[in-house]
Amino acid sequence: MELVSAQAMLDDAYKRKYAIGHFNLNNMESVRAFLFAAQEANSPIILSVSGGTAKYMGGYQTISHMVLDFIKYLKITVPVALHVDHGTYDEVLQAIDEGFSSVMFDGSSLPIEKNLEMTSEILRRAHMRGISVEAEVGGIGGEEDGHIAKGEYADPKHCKMMADLGVDFLAAGIGNIHGKYPENWDGLDFDLLASIKQAVGPLPLVLHGGSGIPEEQVRRAIALGISKINVNTECQIAFTEATKQYFLDGKDLESKGFTPRAMLAPGIEATKRLCIQKMELFGSVNRA
Ligand code: 13P
């Protein structure tokens, strides 16, 4: 199975009112965990790579080769898209050349005219190769890879401009943030989501900061046109908690428990389980 663009996945999700999970890669263990999860749940999946992960894992080409080889080696048959998360212009162009099947250009910190101009050039180059494109307007708050953005609420007029450009799916800030939500978080702004939906018509929308959003808000967001949900922090926490428990239980002191592969196995399993739970919540199970 080759990598696929995310466009067909998202169109189906949009039409049938479910969402595709986007899961951030952090290392080789996460590649294994998410591919096992998608296959077990018979769900399409988007594997995503931030600039920080790309640097850590040896660049876009190393990652695209690794993911493709794992798909073949593990006999994964469900659709897998490999996507750039919050890419700069240069990162996106590089990933397009180095085997990615989907990209997000994040021009949300630019004036809207400049964001439109650069997104349109990315679209031209990506679509020539059948690669799907996500754009962003209105920054997502919180911190990711050391990049701290103040949460912004997207302007539906700007969303419409992006939709008119022909992007495949759009991330628009509606009070969502990356990382852990503060105790006093106001929740998602569903009125704004409805206005954005009205402005953009039948364009799949993307919810970033998918960790820690109460389940009923997730379901409501999907009903209002969210077709892709990005999850990273909760998977990282699941991995770390399982690894911590391994040491607390003294497993590293038993037999060959000190080997890195043995030590990483509980984290992989916990990440896989969490990923499947998210797929169940998003409604993507058995949609492959
Ligand atoms: P969380 O880390 O909050 O789950 O957000 C992930 C994300 O939006 C990646 O783009």
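Nothing here was measured: the structure is a model prediction, and the numbers come from that model. Counting starts at 1 for both ligands and their atoms, in listed order.
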### Query
Where's the contact between Asn230 and ligand 1, heavy-atom distance under 4.0 Å: side chain, backbone, both or neither?
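Answer for Asn230: both.
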### Query
Can you tell which part of Glu234 has a heavy atom less than 4.0 Å from ligand 1: side chain, backbone, both or neither?
neither
### Message
Evaluate Leu110 against Met118 for side chain to side chain contact (heavy atoms under 4.5 Å, CB included), listing each step before the verdict.
### Response
CA-CA 10 Å; Leu110 302 167; Met118 292 176 89; 3.7 Å; yes
### Task
Could you tell me if any non-hydrogen atom of Gln236 lies under 4.0 Å from any atom of ligand 1?
no
### Task
Give the ring-plane orientation class for His22 versus His208, where under 30° counts as parallel, over 60° as perpendicular and anything between as tilted.
tilted
### Query
CD1 of Ile174 to CG of Leu192: how many Å apart, nearest 0.5 Å?
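Rounded to the nearest 0.5 Å, the CD1-CG separation comes out at 7.0 Å.
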### Spacing of OG1 belonging to Thr53 relative to CG belonging to Asn26, to within rounding of 0.5 Å
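It is 5.0 Å, given to the nearest 0.5 Å.
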### Query
Heavy-atom count around Lys197 NZ within 6.0 Å, excluding the residue itself: above 12?
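More than 12 heavy atoms, drawn from other residues, nucleotides or ligands, come within 6.0 Å of this atom.
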Subset of ligand 1 atoms that lie under 4.0 Å from at least one heavy atom of [X]:
X	result
Asn24	9 (C)
Gly179	1 (P), 2 (O), 3 (O)
Thr233	1 (P), 2 (O), 3 (O), 4 (O)
His86	10 (O)
His208	8 (O), 10 (O)
Val231	4 (O)

### Close N or O approach (His178, ligand 1; < 3.5 Å)
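Checking ligand 1 against His178, an N or O pair does fall under 3.5 Å apart.
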### Query
Do you see a donor-acceptor pair shorter than 3.5 Å between the side chains of Asp97 and Tyr60?
no
#### Entry: Test log, rule side chain to side chain contact (heavy atoms under 4.5 Å, CB included), inputs Thr119 and Val167
CA-CA 8 Å; Thr119 303; Val167 298; 3.8 Å; yes
